[in-house]
Amino acid sequence: MPAVSPFLSLVRNAFRFRLFMLLKLPSAYFSGVRVKYVDEASCQVSVPFKWFSQNPFRSTYFACLAMAAEMSTGILAMAQTYKRNPAVSMLVTALEATYSKKATGITIFTCDQGPLIQQAVAKAVATGEAQTIRVRSLGRNSAGEEVAEFFINWSFKIKQS
């Protein structure tokens with residue numbers, strides 16, 4: 001059984017998670033990517049429009065939007081693989097994005113597919129075969145308007161010793 005609750009507690013600890021981002025994901029840290037909410041089923045991650053995350057067109061750079069979208073899915077995936085025995089590796093294998101509105105303020109990406117991720121990881125462990133899933137993250141601005149939609153393919157497989 002995965003250690004979902006302890007992992008989510010680590011993510012919810014703002015100081016510890018920001019330190020983790022500073023050390024392991026410095027571009028996300030300096031871009032202002034932050035976890036707003038997380039539970040076993042969903043995760044919300046924000047990215048602001050600011051000097052460090054901007055493009056020349058006065059909006060949030062697409063790569064910063066992609067970081068936030070990926071993190072909203074990746075945290076749910078990490079929750080299912082954290083301290084799992086046998087250990088499970090996870091890898092992004094594809095990314096698809098559609099941008100529908102200029103991101104000029106805070107954009108919040110929401111992924112609500114935690115149960116789908118949990119099923120894929122459980123199947124990888126049960127069968128011993130790699131499992132790939134396509135997970136959606138939707139970005140909205142502060143007015144609730146859709147800014148971008150991302151589909152991220154995650155692959156899960158048991159780590160070989």
Side-chain angles (χ1 to χ4, degrees), residues 1-48 53 60-99 106-140 146-161:
M1 189 70 194
V4 174
S5 292
F7 178 78
L8 295 180
S9 293
L10 290 172
V11 173
R12 289 181 188 125
N13 182 313
F15 174 77
R16 289 182 74 182
F17 194 70
R18 285 186 182 156
L19 182 61
F20 167 79
M21 286 200 330
L22 179 62
L23 298 173
K24 302 294 182 183
L25 301 166
S27 57
Y29 177 84
F30 288 113
S31 296
V33 174
R34 300 292 183 261
V35 176
K36 303 301 277 179
Y37 174 83
V38 64
D39 65 19
E40 288 186 36
S42 66
C43 183
Q44 291 184 336
V45 176
S46 67
V47 60
S53 64
T60 305
Y61 184 51
F62 80 94
C64 294
L65 295 171
M67 280 190 288
E70 187 272 340
M71 187 178 288
S72 73
T73 66
I75 286 175
L76 295 173
M78 287 181 75
Q80 295 300 323
T81 61
Y82 183 71
K83 293 188 177 182
R84 188 179 269 275
N85 191 10
V88 175
S89 65
M90 52 186 266
L91 179 68
V92 171
T93 59
L95 181 135
E96 176 187 335
T98 304
Y99 303 93
I106 292 177
T107 304
I108 298 176
F109 284 90
T110 303
C111 177
D112 59 3
Q113 297 185 306
L116 178 68
I117 294 168
Q118 188 276 328
Q119 291 170 3
V121 173
K123 188 172 180 182
V125 170
T127 66
E129 297 176 7
Q131 300 296 313
T132 301
I133 59 168
R134 185 174 190 242
V135 184
R136 178 179 186 243
S137 182
L138 183 63
R140 295 186 180 276
E146 184 178 318
V147 172
E149 179 180 42
F150 281 79
F151 290 95
I152 298 155
N153 289 10
W154 283 100
S155 175
F156 303 100
K157 73 176 190 175
I158 294 175
K159 288 184 181 179
Q160 302 301 319
S161 329

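In what follows, every heavy atom counts, from backbone to side chain, and hydrogens, waters and symmetry copies are set aside.
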[X] [atom1] to [Y] [atom2] distance, which is reported to the nearest 0.5 Å:
| X | Y | atom1 | atom2 | answer |
| --- | --- | --- | --- | --- |
| C43 | D112 | SG | CG | 11.0 Å |
| S89 | Q160 | OG | CD | 9.0 Å |
| Q80 | M90 | CD | CE | 10.5 Å |
| M67 | Y61 | CE | OH | 9.5 Å |
| F20 | N13 | CZ | CG | 13.5 Å |
| I133 | I117 | CD1 | CD1 | 5.0 Å |

Kindly check if the number of other-residue, nucleotide or ligand heavy atoms within 6.0 Å of CG (L10) is above 12?
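Counting neighbours around CG of L10, more than 12 heavy atoms of other residues, nucleotides or ligands fall under 6.0 Å, so yes.
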
Restricting to pairs with a member in residues 14-32, which pass side-chain hydrogen bond (donor to acceptor under 3.5 Å, both in side chains), not counting sequence neighbours?
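Applying side-chain hydrogen bond (donor to acceptor under 3.5 Å, both in side chains) to every pair that reaches into residues 14-32, excluding sequence neighbours, yields nothing.
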
Show every side-chain hydrogen bond (donor to acceptor under 3.5 Å, both in side chains) that has at least one partner inside residues 70-79, sequence neighbours left out.
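Sorted pair list: S72-S137, T73-W154.
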
Could I get the full list of salt bridge (charged side-chain N to carboxylate O under 4.0 Å, His left out) partners for [X], not counting sequence neighbours?
| X | answer |
| --- | --- |
| E40 | none |
| E129 | none |
| R134 | E96 |

Parallel, tilted or perpendicular for F109 and F150, by the 30°/60° rule?
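Rings of F109 and F150: perpendicular, as their planes differ by over 60°.
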
With A130, which residues qualify under side chain to side chain contact (heavy atoms under 4.5 Å, CB included), at least two apart?
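Once residues adjacent in sequence are excluded, the partners of A130 under the side chain to side chain contact (heavy atoms under 4.5 Å, CB included) criterion are S155, K157.
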
Heavy-atom closest contact ([X] atom, [Y] atom, distance):
| X | Y | result |
| --- | --- | --- |
| L8 | D39 | CD1-C, 3.7 Å |
| F17 | I75 | CZ-CD1, 3.9 Å |
| E146 | E149 | OE2-CB, 3.9 Å |
| G128 | I158 | CA-CD1, 4.0 Å |
| V4 | A79 | CG2-O, 3.3 Å |
| V88 | F156 | CG1-CB, 4.0 Å |

Starting from the C-alpha separation in whole Å, work towards a yes-or-no answer on side chain to side chain contact (heavy atoms under 4.5 Å, CB included) for M71 and V33.
CA-CA 9 Å; M71 187 178 288; V33 174; 3.8 Å; yes

Could you tell me whether the side chain of Q44 and the main chain of I108 form a donor-acceptor pair under 3.5 Å?
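Looks like no, no N/O pair under 3.5 Å.
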
Check against side chain to side chain contact (heavy atoms under 4.5 Å, CB included), T110 and R140:
CA-CA 8 Å; T110 303; R140 295 186 180 276; over 6 Å; no

